Number of protein chains: 2
Amino acid sequence: MNKFMLIYNQMVDKIEKGEYPPSTLLPSENELKDSFQTSRETIRKALNLLSQNGYIQKIRGKGSVVIDITKMNLPVSGLVSFKELAEKMGREPITTVHELSLIHPDRELTSHLNPHPKDLIWKVVRTREIGGEKVILDKDYLLKSAVPTLTKEVCEDSIYSYIENQLGLQISFAKKEILIEEPTEEDHSFLDIDGFHNVVVIRSQVFLEDASLFQYTESRHRPDKFRFVDFARRRPTV
Amino acid sequence: MNKFMLIYNQMVDKIEKGEYPPSTLLPSENELKDSFQTSRETIRKALNLLSQNGYIQKIRGKGSVVIDITKMNLPVSGLVSFKELAEKMGREPITTVHELSLIHPDRELTSHLNPHPKDLIWKVVRTREIGGEKVILDKDYLLKSAVPTLTKEVCEDSIYSYIENQLGLQISFAKKEILIEEPTEEDHSFLDIDGFHNVVVIRSQVFLEDASLFQYTESRHRPDKFRFVDFARRRPTV
DNA sequence: AAGTGGTCTAGACCACACT
DNA sequence: GTGTGGTCTAGACCACTTT
């Protein structure tokens with residue numbers, strides 16, 4: 001692993017264990033440079049990562065303040081799969097696969113997924129169950145040219161971990177849009193949403209390391225189980 | 001302005017104008033270094049900014065691909081005030097101030113805003129009107145110790161621009177939480193939400209440059225006017 | 001082999017905060 | 001003035017892709 005990543009991880013540990021307490025200053029970049037036996041620019045890379053992820057605030061002329069994370073509910077927003085999410089919340093997730101098929105894209109799907117002509121698309125429809133209730137309906141569309149095979153078992157576990165660990169593909173970024181809609185008949189038939197008047201719809205486009213779009217997902221959440229946390233800096237960390 | 005910022009801005013221009021077309025490679029870092037007459041590390045800072053903001057994808061051994069932004073609806077999520085937001089959407093926003101008062105924090109507010117004992121808090125209640133309909137209810141709480149004076153005129157314009165331009169304070173980051181709730185009586189009396197069964201609630205803590213928390217905001221949106229866009233990278237850009 | 005981006009170094013100068 | 005973080009440089013070596 002990179003040197004700056006090792007330093008970053010060690011410093012995250014120390015912050016989370018309270019060795020660098022909230023609202024105090026970290027050692028200066030020059031002190032850290034000496035104690036980690038590296039150059040200042042490498043220290044700065046580690047500190048910039050801490051800053052981007054909401055652990056510290058750098059103040060010119062003063063130092064780097066440890067931000068009080070007890071007031072900050074969750075990690076930074078990002079690409080998190082359902083499985084990771086549920087595990088973090090300490091619940092046992094149940095995934096049910098309702099459909100797994102190869103389709104030709106229609107016009108709407110084409111506008112979201114940009115397939116080459118004649119590309120086939122995997123369509124996966126799944127519900128997610130937490131605490132005995134079906135609260136999430138996921139409709140995934142994946143380019144067959146990127147993911148040649150897909151099985152029910154993979155879909156019941158985690159498509160992401162299959163793609164990254166088995167196929168060796170790297171997911172690099174995603175664009176998401178969050179909207180509120182009224183439940184469709186499909187929502188009513190797959191989810192436990194009696195008495196709810198809205199669903200939260202998250203539409204995502206997911207891209208691989210070569211910037212190619214390979215997946216479009218529509219994730220429909222019962223509103224009472226939806227929570228989104230965001231940490232945003234006003235200025236870039238360079 | 002910084003050199004890397006100038007280079008970044010120029011390259012954003014070229015990408016948006018199509019001089020660097022989507023899905024093509026940028027000039028290599030060494031070529032850019034020569035043409036901008038700078039060092040490679042400075043070029044890399046500009047490129048990392050482009051990467052963080054979703055303009056390019058860097059691929060080791062190959063180059064930097066321009067991402068097709070026509071498929072990406074809006075700029076990266078971040079701290080955007082209502083005024084900036086409405087102006088971007090080309091609508092004339094109307095802000096109505098319903099309350100502007102100094103209060104002592106109760107227990108719930110204390111937990112969100114962490115005031116010193118005896119700190120007074122500005123409470124500002126405003127509605128936002130777009131297209132003739134009141135669709136957003138904003139309840140802001142600001143530490144008087146950070147913002148000594150506040151007027152109705154400022155609240156009707158933009159509290160943020162007053163804080164940054166008049167007071168000279170720098171807002172540095174914010175933590176947001178997005179949830180769906182049922183409308184309260186207050187929502188019904190201030191907003192045009194007849195026939196809607198949910199509101200989108202965005203609770204934010206806003207921090208200054210010295211990492212001090214100075215504002216807590218609850219922003220309540222009519223669900224049909226709510227849209228949140230997010231761009232997330234899986235790996236850090238360093 | 002040549003070219004690309006990724007990492008790391010050592011040093012310089014600057015803007016800013018403290019004392 | 002001293003110490004802090006912010007910027008910039010020139011050079012080196014590495015991992016990876018392409019020819």
Side-chain angles (χ1 to χ4, degrees), chain A residues 1-11 20 24-52 55-67 168-170 172-173 208-212 233-238, chain B residues 1-11 20 24-52 55-67 168-170 172-173 208-212 233-238:
Chain A
M1 187 173 287
N2 312 331
K3 197 179 279 194
F4 71 81
M5 218 39 174
L6 285 169
I7 297 173
Y8 166 76
N9 287 330
Q10 288 183 43
M11 297 188 77
Y20 295 142
T24 64
L25 291 176
L26 289 183
S28 75
E29 295 180 351
N30 276 314
E31 288 168 341
L32 290 168
K33 173 196 75 179
D34 294 339
S35 70
F36 283 102
Q37 302 211 40
T38 180
S39 70
R40 194 177 147 220
E41 285 293 347
T42 298
I43 291 296
R44 283 178 57 75
K45 284 189 181 177
L47 293 185
N48 283 340
L49 271 189
L50 290 172
S51 169
Q52 284 173 32
Y55 286 104
I56 64 169
Q57 172 72 9
K58 307 184 87 180
I59 307 175
R60 186 201 298 233
K62 293 176 81 171
S64 298
V65 189
V66 178
I67 294 175
L169 296 175
Q170 276 291 338
S172 70
F173 61 93
L208 296 176
E209 211 171 17
D210 63 353
S212 68
R233 285 204 171 272
R234 184 127 192 167
R235 300 182 180 289
T237 62
V238 201
Chain B
M1 188 176 284
N2 313 331
K3 197 178 279 195
F4 71 81
M5 218 39 173
L6 285 169
I7 297 173
Y8 167 75
N9 286 331
Q10 287 183 43
M11 298 188 77
Y20 295 142
T24 65
L25 290 176
L26 289 183
S28 75
E29 295 181 351
N30 276 314
E31 288 168 342
L32 290 168
K33 173 196 75 180
D34 293 339
S35 70
F36 283 103
Q37 302 211 40
T38 181
S39 69
R40 194 177 147 221
E41 285 292 347
T42 299
I43 291 293
R44 284 177 57 75
K45 284 189 181 178
L47 293 185
N48 283 339
L49 271 189
L50 290 173
S51 169
Q52 283 173 32
Y55 286 103
I56 64 169
Q57 172 73 7
K58 307 185 87 181
I59 306 175
R60 187 201 298 234
K62 293 177 81 171
S64 298
V65 189
V66 179
I67 294 176
L169 297 175
Q170 276 291 337
S172 69
F173 61 94
L208 296 176
E209 212 172 16
D210 63 353
S212 68
R233 285 203 170 273
R234 184 127 192 168
R235 300 184 179 288
T237 62
V238 200

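Order of the sequence lines fixes the chain letters, A, B, ..., with proteins taken first and strands second; residue numbering starts at 1 for each chain. Because the structure is predicted, anything quoted here is derived from the model rather than measured. Hydrogens, waters and symmetry mates play no part in the numbers below; they use all other heavy atoms, side chains included.
Side chain of A/Glu41, nearest nucleotide from C/dA10, C/dC8, C/dA12: C/dA10. Of the candidates C/dA12, C/dG6, D/dT4, the closest approach to any side-chain atom of A/Asn30 belongs to D/dT4. In the set C/dT4, C/dT7, C/dT9, the nucleotide with an atom closest to the side chain of A/Phe4 is C/dT7.
As a whole-Å value, the separation of B/Ile43 CD1 from C/dT4 C1' is 15 Å. The nearest whole Å value for the distance from the CZ atom in B/Arg40 to the P atom in C/dT4 is 10 Å. What separates CD of B/Glu209 from C1' of D/dT4 is a distance of 14 Å, to the nearest Å. D/dT7 atom C1' lies 18 Å from atom NZ of B/Lys33, rounded to whole Å. Rounded to whole Å, atom P of C/dT9 lies 12 Å from atom CG of A/Asp34. One interatomic measurement links the two molecules: CG of B/Leu49 to P of D/dC8, which rounds to 11 Å at whole-angstrom precision. Distance B/Leu32 CG to C/dT4 P: 10 Å, rounded to the nearest Å. Atom C1' of nucleotide D/dG3 and atom CD1 of A/Ile59 are separated by 15 Å, given to the nearest angstrom.
Phosphate proximity of D/dT4 to A/Ser28: present, with a side-chain N or O under 4.0 Å from OP1 or OP2. Neither OP1 nor OP2 of D/dC8 sits under 4.0 Å from any side-chain N or O of B/Lys45. For the OP1/OP2 pair of D/dG3 and a distance below 4.0 Å, the side-chain nitrogens and oxygens of A/Lys62 include no atom meeting the criterion. A/Arg44 has a side-chain polar atom (N or O) that falls below the 4.0 Å cut-off from OP1 or OP2 of D/dG6. Residue A/Thr42 has a polar side-chain atom (N or O) positioned under 4.0 Å from OP1 or OP2 of C/dT9. Phosphate contact (OP1/OP2 of D/dT9, side-chain N/O of B/Lys3, threshold under 4.0 Å): present.
Within the shown strands, nothing qualifies as a pairing partner of C/dT19 under the Watson-Crick or G-U definition with both distances less than 3.5 Å.
Checking A/Thr38 against A/Gly61, the closest nucleotide of DNA chain C that is more toward the 5' end is the one next to A/Thr38.
The main-chain N or O of B/Glu209 is found under 3.5 Å from a side-chain atom of A/Gln57 such that the two form a donor-acceptor pair. B/Asn2 places no side-chain N or O within donor-acceptor distance of the main-chain N or O of B/Phe4, the cut-off being under 3.5 Å. Put simply, the side chain of A/Arg233 gets close to the backbone of A/Ser51: a donor and an acceptor are under 3.5 Å apart.
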Candidate pair B/Ser212 and B/Asp210, rule side-chain hydrogen bond (donor to acceptor under 3.5 Å, both in side chains), full reasoning: CA-CA 5 Å; B/Ser212 68; B/Asp210 63 353; 2.7 Å; yes
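At the heavy-atom level, A/Leu47 lies nowhere under 4.0 Å from the strands shown.
Contact detail for B/Leu25 and B/Lys62: the closest heavy-atom pair is CD1-O, 4.0 Å.
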